[in-house]
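Each chain gets a letter, A, B and so on, in the order the sequences are listed, and its residues count up from 1. Quick caveat: nothing in here was measured; it's all calculated off a predicted structure.
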Number of protein chains: 2
Amino acid sequence: MSFKYALVPYIRAPEKHPSVVLYYDENVSIIKDAFPKGKVHLLILPRNEETSKKRSQEAFKDEKTRKLLEGYVNQGVELAHKAFNKTWKRIDGDEQKKMKIIVCCHSVPSLNNLHIHVLTTDMCGKNMKNKKHYNSFTTEFAIKFDEFPLKEDDYRLQDKGRCESLLKQDLFQENAS
Amino acid sequence: MSFKYALVPYIRAPEKHPSVVLYYDENVSIIKDAFPKGKVHLLILPRNEETSKKRSQEAFKDEKTRKLLEGYVNQGVELAHKAFNKTWKRIDGDEQKKMKIIVCCHSVPSLNNLHIHVLTTDMCGKNMKNKKHYNSFTTEFAIKFDEFPLKEDDYRLQDKGRCESLLKQDLFQENAS
DNA sequence: TATTCCGATAGTGAC
DNA sequence: GTCACTATCGGAATGAG
Ligand SMILES: Nc1ncnc2c1ncn2[C@@H]1O[C@H](COP(=O)(O)O)[C@@H](O)[C@H]1O
Ligand SMILES: Nc1ncnc2c1ncn2[C@@H]1O[C@H](COP(=O)(O)O)[C@@H](O)[C@H]1O
């Protein structure tokens, strides 16, 4: 089996991987990303076989699929917040302020099974190692979940080359003042 | 003083560097290359100031200069053989067979003072570390001493870019059968 | 096409 | 645009009372 199917076990038999799977039901598995790019990094994996085969751009054209996943996205964000707060506290002690979370799909994924990234915005996970990693979450290469469905003329529907070029950009930190 | 003049001390005052200088007289210094690319690697340095300033391509247009150096080249080869035989012996015990020696100048040198490389063909010196090193002695980038004077249309007289491109070639071993 | 140090870049192989 | 490994490539400094 190719590396491209590394997520299959968590889709097929989530019950067999309790140390990785945080939640599962008949629709999704929510797992810890094995190579986290943020302090907390989860993946939401739709279990429906047809959905899992599709690119995010195609799968989330369908409103029913989108609506179904929305609830799980909220749940994933909640899980991420909980996991983050277990290890980290704000210096100012303000527990009302919540860590920002990115919910997105890569416009050109490497793994074949549809997955939604849910990660904290710190970009300082143990496996954040290079420009490609960074840019894959901080540029338009990352399609935010709330951007779906994409407009018909969105280049990320077709132009793989342009998407890939985003990964080669210089590092840029939003809100660096 | 820039690194480009690293050889100056051995030209100006060879008597002060007995551990490096194997031979000197009023015309040349013969020294051990500080970063040998072969098991034995010597440099012949003409001491005449005008000659030392010139590129090999220009200096060896002059027959008198060539003839003067020829004798020292033979001496350098002799010294190289002696040095090599001090450390290495042929498996077949045939002492008639002598180690092959390359006598050449780099078509685009890094150090400013004219120098002739005299080195064994093993290409396995302690400081043979990269493709550039290897190709600088195994391609036309190296102008063999007996090629001088170059023909007027030899690209190595003018085309620095083409010379440099030779250094990027894939490694190739002559007589690898 | 000096050296060393260091970091970015690029190709490979993975069952 | 998986990871991990390796090779390659690229810049900067090199000096000194
Ligand atoms: N075996 C694995 N288990 C869990 N997550 C993985 C595994 N292999 C890769 N990943 C993650 O899966 C994500 C795939 O990214 P992408 O295909 O670009 O959307 C990356 O964040 C990887 O860190
Ligand atoms: N300080 C030094 N003393 C002796 N040889 C040196 C020194 N610095 C560099 N070299 C050698 O000088 C040669 C210069 O090569 P090139 O200028 O390309 O002909 C190389 O073989 C270097 O190893």
Nearest to the side chain of A/Phe35, which nucleotide is it out of D/dA4, C/dA14, C/dT4? D/dA4

Between A/Lys64 and A/Asp62, is a salt bridge (Lys or Arg N to Asp or Glu O under 4.0 Å) present by the stated rule, with each step listed? CA-CA 6 Å; A/Lys64 253 171 62 181; A/Asp62 179 57; over 6 Å; no

Dot-bracket for DNA chain D, 5' to 3', with Watson-Crick and G-U pairs under 3.5 Å, [ ] for crossing pairs and | for other-strand pairs: what is it? .|||||||||||||...

Nucleotide D/dT2, atom C1' - distance to CG of A/Leu7 in whole Å: 9 Å

Quick one: label B/His106 by what it contacts on the DNA or RNA (base, sugar-phosphate, nothing), any heavy atom closer than 4.0 Å. nothing

Please give, in whole Å, the distance from D/dT14 C1' to B/Leu111 CG? 13 Å

Looking at D/dT8, I'd like to know if its phosphate oxygens (OP1 or OP2) sit under 4.0 Å from a side-chain N or O belonging to B/Lys131. no

Expressed in whole Å, how much space separates the C1' atoms belonging to C/dT4 and D/dG17? 26 Å

Please give, in whole Å, the distance from C/dT4 C1' to B/Asn130 CG? 12 Å

Passing option when B/Pro36 is tested against B/Thr120, B/Asn127, B/Leu42, B/Leu119 for side chain to side chain contact (heavy atoms under 4.5 Å, CB included): B/Asn127

For atom OH of B/Tyr5 and atom P of D/dA16, their distance in whole Å: 17 Å

How long is the straight-line distance from CZ of B/Phe137 back to NE2 of B/His117, given to the nearest 0.5 Å? 4.5 Å

Hey, which of these two, A/Asn127 or A/Phe141, hits DNA chain D nearer its 5' end, going by closest nucleotide? A/Phe141

At under 4.0 Å between heavy atoms, what does A/Val108 touch on the DNA or RNA strands: base, sugar-phosphate, or nothing? sugar-phosphate

From CZ (B/Arg162) to CD (B/Glu140), nearest 0.5 Å: 7.0 Å

Looking across every strand, which nucleic acid part, if any, lies under 4.0 Å from B/His133 by heavy atom: base, sugar-phosphate, or nothing? sugar-phosphate

Taking the six-membered ring for Trp, are the ring centroids of B/Tyr10 and B/His115 within less than 6.0 Å of each other? no

Would one find a side-chain N or O of B/Lys37 under 4.0 angstrom from OP1 or OP2 of C/dT3? yes

In whole angstrom, give me the gap between the P atoms of C/dC15 and D/dA4. 14 Å

Under a 4.0 Å threshold between the charged nitrogen and the carboxylate oxygen, would B/Lys151 count as salt-bridged to B/Asp153? no

Just call it for B/Phe137: base, sugar-phosphate, or nothing, with non-hydrogen atoms closer than 4.0 Å on any strand. nothing

Just how far, in rounded Å, is C1' of C/dT9 from NZ of B/Lys168? 15 Å

Taken to the nearest whole Å, CE/A/Met128 to C1'/D/dC3 is 15 Å

If the test is side chain to side chain contact (heavy atoms under 4.5 Å, CB included), which one of A/Gln57, A/Glu58, A/Lys61 qualifies with A/Leu150? A/Gln57

For A/Lys129 and A/Lys132, take the nucleotide of DNA chain D holding the closest heavy atom to each; which residue's nucleotide lies nearer the 5' end? A/Lys132

For B/Leu167 and C/dA2, what is the distance between atoms CG and P respectively, to the nearest whole Å? 8 Å

When you look at B/Arg156 and B/Asp154, which way does the salt bridge (Lys or Arg N to Asp or Glu O under 4.0 Å) test go after all the steps? CA-CA 5 Å; B/Arg156 293 170 296 183; B/Asp154 193 306; 2.9 Å; yes

Would you kindly give the CG-to-C1' distance between B/Leu171 and D/dT8, to the nearest whole Å? 12 Å

